[in-house]
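First comes the structure, then the notes that go with it.
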Amino acid sequence: MNFTRWSARLPGTQRRAAARDDRSSVPAARGEYARPDSGAPGAPTHSPAHSPAGAEALALEDLSVRDVLGRLPALVALVHGPDHRIAYVNDAYTAAFGHRPVGAPAAEAMPELAELSLLPLMDQVLRSRTPRTVKSRKVRGGGSYTVTCTPVTTPAAPGAPAPAQDGARTDGPRRGVLVYATDVTDHAEAAERLRTSERRHRETAVTLQRSLLPQELEQPDDLRIAATYQPGGTDAAVGGDWYDVITLGAGRTALVIGDVMGRGVRAAAVMGQLRTAVRAYARLDLPPHEVLQLLDGLAAEIDASQIATCVYAVHDPNEGRLVYASAGHLPILVCHEDGTVHRTEEPTGPPLGTGGWEHASATIALPPGSTAVLYTDGLVERRSEDIDEGLTALERALSGAKGSPQVVCDRLIRSLGVTAEHDDDVAVLVVHHPARTGTNAELFHNASLELLGGIEAAPRARAFASGVLTSWRFPVELCDLGVLAAGELVANSLQHGTPPMRLALRRTDRRLIIEVTDGDDHLPHRRRAEPADEAGRGITIVATIASAWGSRRAPDGGKAVWCEFELPR
């Protein structure tokens, strides 16, 4: 077979082949030099006289296609006809895949083409007469190749009949495909190693992120809570989103959600430190704005370049509301039983780490039957739209979401279009305050007594506690412990506090809570009384008999001292 004739139809050579057949073509088309005085446009400025002695211009027809293709380091195969019969393979192809018999169909003699999924592509190239390229395809032996399939045609012999319409072999022009494959195994392996490294880095970052989040949410007596975290995208740069639920005692619960700006392991590490600090500050039972003030200073000390947003809210079942403070975070949404949704007011302070700002606390109603949603910006922020549009979409989705907190959480994620390919981290915390009726409501009771100063206050408090606990049908032993704790707390308030004083008893399905409030803001401390001391043992007695105890300052002044007993299951 004359491969020079095949080359006349290769891309980039057709014009040259036509020039050779046209005797009026300019000499430059044959690779010759034009005369200096020819004046031909674009003619070279040098002449044979300026060429090295004995040098001759090299024309394309002087080259052997077989020699050129045979010396290429790339893999070259030439096939023809509708069944792609082998016409030629070069040495590099033979070295890679072995000897391939000339004249055999490629589907039978060249299994590597099937492994590279090239046979359908070659059919397409043969029909469309358009080159096609596929990148980095792998064969079973482990090598990877980038392959270009180019249509070629042999010129018809003078007077030869036209080819049959069904593609059968005739004496006319014959069509084929030139397969040109480059070994990119090293590049493919390097790319795979890079992808593996990035995947492991991301898995490490996500594992770190998830390990810093609560492994199991605390479930307060009066609330039902669910949360979810969705890492963003497929890269290793996870964010610093976090959430938390902290029981404060006496039935009160702290709800936290935050977002450290930036991405990567560093943001996750800062998030972990802030979350730990929030839990520590929450144990002080401070108002929300004071907790954020402490966090603000800590965030600046951890890393001045890392800024975080955060919402810290406290739920008190006796008040039916959330007291919250925000550090540049998105508003809390509350959906009531009738489907109406309310937003909290504008952020009550700038992001954490900026410093120089006094945060403030605000409130929003959370009556029985309502649901609150705390979330990070990844849920509602999109590059193609204003964030208010995302908030409106979230309100619409929350208004129609029914079911348990986990069901609501999942529905919000779906409704806002958050998938595994989402480009930002998303954290969502759903808090439901159930409306209890029937037998379930019988497990929740409240009772309180306003106390006047004087020696008669302590016996009145004990009598009141005894009557209430008996009516709630507690075991005798628990009634006795409750009366003792109430008496000690009231006695401590009479001795160290100031009016007004109040005793409150509360039962839930899990615990008994006893709380005494007064007008003095000095918090009691447990201390070790000496044998000769006549006082100083009240808090020690309470701490010994109760499951937990604590104290806090009231927002409007004064303090509350409480203890709680776990109910028998």
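No experiment lies behind these values; they were computed from the predicted model shown. Scope of the values below: all heavy atoms of this structure, side chains included, with no hydrogens, waters or symmetry mates.
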Can you confirm whether [X] sits close enough to [Y] that some side-chain heavy atom of one is under 4.5 Å from a side-chain heavy atom of the other?
{"X": "Y324", "Y": "P288", "value": "no"}
{"X": "P214", "Y": "V245", "value": "no"}
{"X": "L292", "Y": "L295", "value": "yes"}
{"X": "L330", "Y": "I387", "value": "yes"}
{"X": "P499", "Y": "L452", "value": "no"}
{"X": "C310", "Y": "W242", "value": "yes"}
{"X": "L469", "Y": "L478", "value": "no"}
{"X": "V431", "Y": "T253", "value": "no"}

side-chain hydrogen bond (donor to acceptor under 3.5 Å, both in side chains) partner of [X], chosen from [options]:
{"X": "T371", "options": "E337, K402, H432", "result": "H432"}
{"X": "T247", "options": "R252, E218, Q219", "result": "E218"}
{"X": "S493", "options": "T498, T517, D518", "result": "D518"}

Assess whether atom [atom1] of [X] is packed by more than 12 heavy atoms of other residues, nucleotides or ligands within 6.0 Å.
{"X": "E389", "atom1": "CD", "answer": "yes"}
{"X": "E477", "atom1": "CD", "answer": "no"}
{"X": "H445", "atom1": "NE2", "answer": "yes"}

Any salt bridge between [X] and [Y], counting N to O under 4.0 Å?
{"X": "R436", "Y": "D509", "answer": "no"}
{"X": "R321", "Y": "D316", "answer": "no"}
{"X": "E395", "Y": "R343", "answer": "yes"}

Which pair of heavy atoms, one from [X] and one from [Y], lies closest together, and at what distance?
{"X": "R224", "Y": "P405", "result": "O-CG, 3.3 Å"}
{"X": "V278", "Y": "V256", "result": "CG1-CG2, 3.7 Å"}
{"X": "G328", "Y": "T309", "result": "O-CG2, 3.4 Å"}
{"X": "V490", "Y": "A458", "result": "CG1-CA, 4.1 Å"}
{"X": "A282", "Y": "Y312", "result": "CB-OH, 3.4 Å"}
{"X": "V311", "Y": "S326", "result": "CG2-OG, 3.8 Å"}

(request) Go through the steps to decide whether E488 and N492 satisfy the test side-chain hydrogen bond (donor to acceptor under 3.5 Å, both in side chains), and finish with yes or no. (result) CA-CA 6 Å; E488 293 297 335; N492 185 78; over 6 Å; no
(request) In sequence, state the C-alpha distance, the side-chain angles, and the governing distance for L294 and L286, and then conclude on side-chain contact (heavy atoms from CB on, under 4.5 Å). (result) CA-CA 10 Å; L294 294 173; L286 299 172; 3.7 Å; yes
(message) In this structure, is the centre-to-centre distance between the rings of H336 and H342 below 6.0 Å?
(response)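 Yes: the rings meet the under 6.0 Å criterion.
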Working to the nearest 0.5 angstrom, can you tell me the gap between [X] [atom1] and [Y] [atom2]?
{"X": "D259", "Y": "D424", "atom1": "CG", "atom2": "CG", "answer": "7.0 Å"}
{"X": "S399", "Y": "L333", "atom1": "OG", "atom2": "CG", "answer": "11.0 Å"}
{"X": "L298", "Y": "D303", "atom1": "CG", "atom2": "CG", "answer": "11.5 Å"}
{"X": "L429", "Y": "Y243", "atom1": "CG", "atom2": "OH", "answer": "8.0 Å"}
{"X": "Y281", "Y": "L274", "atom1": "OH", "atom2": "CG", "answer": "9.5 Å"}

(request) Indicate the ring-plane relationship of H315 and H433, choosing parallel, tilted or perpendicular according to the 30° and 60° boundaries. (result)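 If you compare the ring of H315 with that of H433, the planes turn out perpendicular.
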(request) Would you sort out whether R506 and D222 count as a salt bridge (charged side-chain N to carboxylate O under 4.0 Å, His left out), showing the intermediate values? (result) CA-CA 12 Å; R506 173 175 172 77; D222 297 271; 2.2 Å; yes
Is a side-chain N or O of [X] found less than 3.5 angstrom from the main chain of [Y], in a donor-acceptor match?
{"X": "T392", "Y": "D388", "result": "yes"}
{"X": "S361", "Y": "H289", "result": "yes"}
{"X": "R510", "Y": "R507", "result": "no"}
{"X": "S471", "Y": "V468", "result": "yes"}
{"X": "T376", "Y": "D241", "result": "no"}
{"X": "T470", "Y": "S466", "result": "yes"}
{"X": "T344", "Y": "P331", "result": "no"}
{"X": "H329", "Y": "Y375", "result": "yes"}
{"X": "R411", "Y": "G400", "result": "yes"}
{"X": "T146", "Y": "S136", "result": "yes"}

(request) For R502 and S448, run side-chain hydrogen bond (donor to acceptor under 3.5 Å, both in side chains): C-alpha distance rounded to whole Å, both residues' side-chain angles, the deciding distance at 0.1 Å, then the answer. (result) CA-CA 7 Å; R502 183 171 178 268; S448 62; 3.2 Å; yes
(request) Kindly indicate, with the supporting measurements, whether the criterion side-chain contact (heavy atoms from CB on, under 4.5 Å) is fulfilled by R511 and S547. (result) CA-CA 9 Å; R511 69 197 78 236; S547 304; over 6 Å; no
